[in-house]
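Working notes, beginning with the structure itself.
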Amino acid sequence: MNYWIQTIINGLSMGAVYALIAIGVALVFSVMRLVNFAHAGFLMLGGYVLVATSQLGFGWQSLLVLGASALAAYLMERLVFRPLRGAEMMTLLVASYSLGIILQSVASVSAGTRPLPVQVPAILSDRLVLGSFSFSILSLVTLAVAGVCLVGLTLVLKYTRIGLEMRATASDLDMTKLLGVKPNRATVAAFVLSGVLAGVASILLVSSSSNVYPAMGFNYVIVAFIACVIGGMGSLPGAALGGLVVGVAMSLLQAVLPGDLVGYRDALLYFGVILMLLLRPAGLLGRSLREV
Amino acid sequence: MSLMQKLSLSRGVQTWLWPMLSLTALVILLGVSGSPSLQAVAQLGLVYLVLTVGYYTFVGNSGIISFGHMAFMGVGAYTVALLAIPVGLKKTLLPDVPEFITSTQLGFVTSIIVAGSVSALLALVIGPVLMRMSGLSAGIATLALLLIAQVVISESEGWTRGPQTLIGIPSSMSLWGALCIVLVISAIAILYQYSRSGRLLRASRDDYLAAESIGISLVRHRVGAFALSAGICGAGGGMLAFYQQSLSPSMSFFLAPTFSVIVMLIIGGMYSFNGAVVGVVIVSVAQEILRQFSTGVEIGGFVLMLPVGTDAIVLGLATLVMLTIRPGGLLGMREWVIGRLLPSDDEIKNDSTAFAEHEVRITEPHKVLH
């Protein structure tokens, strides 16, 4: 019994990170119908900022990571995606895929393709023992941080003017423009928020893996896409739920699958995504994909 | 043969003839006078031409994005490995493979044909499921397909040696062999493009609702195009196996060619066969030049050396610029046609109006004389 509870807690903590990434993807998707492969760039960037600033304290490092990913997100919107706004779905997909490859190649050109070690505070790798349970500190911190981020994001979206503008842009771009709201502001805000969430996620990811390499972001962004599809493309609560579902599913599959099938775990997950797209394209909480 | 079929066939022949003649001339030139390394570059270019033509056959005709076609390249490549590795080596490397496969060794052409057929069959099986999607769903589902292929190929150790490198594929591909395959495969792709099914699919690409409302069963035609393009990509994967002589199913084995064929198609023109050919030639040449620079090139006494990976950055940037300023690619929807026997596509907005316009030209010529 304890084993299963721990498996689920581990899954939830992994899922919380996926949720942060997936919410970022969903935010950008909802304001400009863009599935952003280049989101992987933020995750990787965070790791490299941690490497580059290893002399500073972890708190300062984390702040720098958030700043860097916010700036990168702003530049990405301004330089690449603003000129492409209103383009076809296919153009946007290909553009973001190319941008993702560019960022990954820039990292491998400047820092090499091999993983670089990252120093993380030792306390994160300790374990907390409560009775017969033993949790890693990192998984508890991850859950707490993700919870704070979700609450913060909800507050921003619900109670600030920019949050209102983002929600309006997401629900009806043309009507919003007619009402005199500048779409650029909302789009920039969505990108910056998604970048910051990815920055948080990258600190958490790197804290658990202790290394960073150019392709690291790609795998996680794929998982985030899966989470978005499961939760419903463009729905933020859906993305959060999808992230948690994927995390727990991965953790349970890992525990349940017999030894020679464990390697196929991810294939099962991808297969589940195709099934989801066929049987319930709207996802658990989303609108129908046919509308987008 | 009806008038319409004659027109389509004649246009197809012209679309094929001009780029393939130029390509053949170029390859003969390289084959006769080029250095061995240049010939290897040309071979790789031809392999990519097959992959891109395969990708184009689905994406260009149907207008549906796919990130998954290189899954079929992988299937084709490993099929060729299973068939073409010498018997003795095969038995020791691949213990799980049934006797009837390990005890025979097929040649270059036969194993490529089998590789293409296996991939096409696989696509026929999964096509009816995948082809119900379009737009974003199709993009994500095909990406999932690619990742499934990667996991399955690298986990089936008895069949593929898993993540280890599978060696021993003979070097049976010559430049001429590759050229012949390119000529045949591009002819097949063109025949499809100008066939009734290809025309219907292109009409649906340009106006989905109009095509469906006149009763075209799109899923069936999409599955057909999907299987054909998967077969071509499988054959291209087979050629790649012969070219590399070894295979390893890393993530980049699948993702690098996915990126390359997309770049090639975007630069040349997503909806035109000649665009695909032009894109492959331009990108292959650019890739080779950048590769030369990454080993160091002497310019005016200085050695300029770009780090490995620069080519992906340059090509990615080129793609982004192209998507922003000219999303249709260099050729857009146009095909090159020798002479002006028939109206070329640049005078016609899209293929769904093409038929009507032909009719007008033939029955009421005064209407098009300005």
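Chain letters run A, B, ... following the sequence lines, proteins first, then strands; residues in each count from 1.
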B/M270 portion near chain A, given a 4.5 angstrom heavy-atom threshold: side chain

Between A/V106, A/L261, A/V273, the one whose heavy-atom pairs under 4.5 Å with chain B are most numerous: A/V106

Residue part contacting chain B, namely of A/I274, when any heavy atom lies under 4.5 Å: both

From CA spacing to verdict: side chain to side chain contact (heavy atoms under 4.5 Å, CB included), B/L145, A/Y270: CA-CA 7 Å; B/L145 176 71; A/Y270 302 134; over 6 Å; no

Among the listed options B/L320, B/V151, B/L147, B/T310, the residue most often paired with chain A at heavy-atom distances under 4.5 Å: B/L147

Worked verdict on A/Y97 versus B/L255 for side chain to side chain contact (heavy atoms under 4.5 Å, CB included): CA-CA 11 Å; A/Y97 188 78; B/L255 288 177; 3.6 Å; yes

Atom group of B/V314 that falls short of 4.5 Å from chain A, counting heavy atoms: neither

Proximity breakdown for A/V94 and chain B, heavy-atom pairs closer than 4.5 Å: both

A/Y74, OH atom: more than 12 neighbouring heavy atoms under 6.0 Å: no

Nearest-0.5 Å distance that lies between atom CE in A/M276 and atom OG in B/S137: 12.0 Å

Interface residue of largest heavy-atom contact number with chain A, from B/V59, B/L323, B/L130, B/V129, under 4.5 Å: B/L323

Under 4.5 Å from a heavy atom of chain B, the part of A/V109 involved: both

Derivation of the side chain to side chain contact (heavy atoms under 4.5 Å, CB included) call for A/F37 and B/L143: CA-CA 12 Å; A/F37 279 98; B/L143 182 64; 3.8 Å; yes

Chi angles and distances behind the side chain to side chain contact (heavy atoms under 4.5 Å, CB included) call for A/M90, B/I64: CA-CA 8 Å; A/M90 178 127 109; B/I64 300 172; over 6 Å; no

B/I148 to A/A267 - nearest heavy-atom pair and separation: CG1-O, 3.8 Å

Proximity breakdown for A/V35 and chain B, heavy-atom pairs closer than 4.5 Å: side chain

Contacting moiety of B/T142, where chain A heavy atoms sit under 4.5 Å: neither

From CG (A/L278) to CE (B/M133), nearest 0.5 Å: 3.5 Å

Nearest non-hydrogen partners of A/I102 and B/G316, listed with the distance: CD1-C, 3.3 Å

OH-OG distance between A/Y264 and B/S156, expressed to the nearest 0.5 angstrom: 3.5 Å

Side chain / backbone / both / neither for B/I313 at chain A, heavy atoms under 4.5 Å: both

Heavy-atom neighbours of A/E88 CD exceed 12 at 6.0 Å: no

Between OG on residue A/S98 and CG on residue B/L317, distance to nearest 0.5 Å: 9.5 Å

Region of B/T324 in contact with chain A, defined by heavy-atom distances below 4.5 Å: both

Interatomic spacing from CG in A/L93 to OG in B/S66 - rounded to 0.5 Å: 11.0 Å

Part of A/I222 lying under 4.5 Å from any heavy atom of chain B: side chain

Flag side-chain contact, heavy atom, 4.5 Å: B/I140 against A/M233: yes

Side-chain touch A/S105/B/F259, heavy atoms, less than 4.5 angstrom: no

